[in-house]
Amino acid sequence: MTSVLFVCLGNICRSPLAEAALREEARRLGLDLFIDSAGTGNWHAGEPPDPRAIAAARRNGVDISGQRARQVRAQDFFDFSEIVALDRSNLRELSQIAPAGATAQLSLLLDHVPGREGQSVDDPWYGDDEDFDLTWGDATAAARGLAAALSR
Ligand code: 4NP
């Protein structure tokens with residue numbers, strides 16, 4: 001089965017929203033995907049998403065309160081077919097920690113949005129609700145592109 005892991009820094013703001021957006025899109029398309037998210041850091045491991053991310057998802061009809069943060073691990077590079085970084089620093093970090101022989105395809109979230117290739121999703125951590133809505137917008141745009149590509 002095609003599997004997608006979204007990775008940001010803390011796994012409590014951006015990647016949980018990306019995970020939820022792709023899950024919604026896959027459901028809409030009837031696409032069978034295994035989807036998860038993780039952080040390059042472990043500060044928030046075991047915690048639910050940031051309350052502002054939970055609220056942003058809820059404004060869009062999705063409940064992400066059951067998600068729990070975890071750190072990315074070496075086995076992920078073999079277990080997932082796609083590992084999608086939320087920003088360029090996350091992508092750099094993933095390239096550095098990728099074990100020899102890693103089989104996962106690495107990309108940047110906005111590579112999946114025509115015209116926004118190579119761009120980072122801004123970290124809303126120091127922002128407000130509006131910034132979390134922007135994150136949700138980026139996540140849903142990328143989910144559309146990613147799901148379309150994976151269903152081909
Ligand atoms: P995320 O946001 O990477 O989108 O989950 C952050 C969450 C926590 C921290 C930084 C970014 N932090 O420094 O704890």
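For ligands, and for the atoms within them, numbers begin at 1 and follow the listed sequence.
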(request) Determine yes or no for a side-chain-to-main-chain donor-acceptor pair under 3.5 angstrom, with Thr140 supplying the side chain and Ala21 the backbone. (result) no
(request) With a 4.0 angstrom cut-off on heavy atoms, strictly below it, pick out the residues next to ligand 1 and order them by chain and number. (result) Cys8, Leu9, Gly10, Asn11, Ile12, Cys13, Arg14, His44, Asp123, Trp125
(request) Check whether more than 12 heavy atoms from other residues, nucleotides or ligands sit under 6.0 Å from atom CD of Gln75, and answer yes or no. (result) yes
(request) Hey, could you give me the CG/CZ distance between Leu22 and Phe6, rounded to the nearest 0.5 Å? (result) 4.5 Å
(message) Checking Glu19 against Arg23 for the salt bridge (charged side-chain N to carboxylate O under 4.0 Å, His left out) test, could you report, in this order, the C-alpha distance in whole Å, the side-chain angles of both residues, the deciding distance, and whether it holds?
(response) CA-CA 6 Å; Glu19 175 185 342; Arg23 203 163 267 142; 2.7 Å; yes
(request) Verify whether one side chain among Asn11 and Ser15 offers a donor that lies under 3.5 Å from an acceptor in the other. (result) yes
(request) Answer yes or no on whether Arg52 is positioned over the face of Trp125, meaning its NZ or CZ is under 6.0 Å from the six-membered ring centre and within 45° of the axis. (result) yes
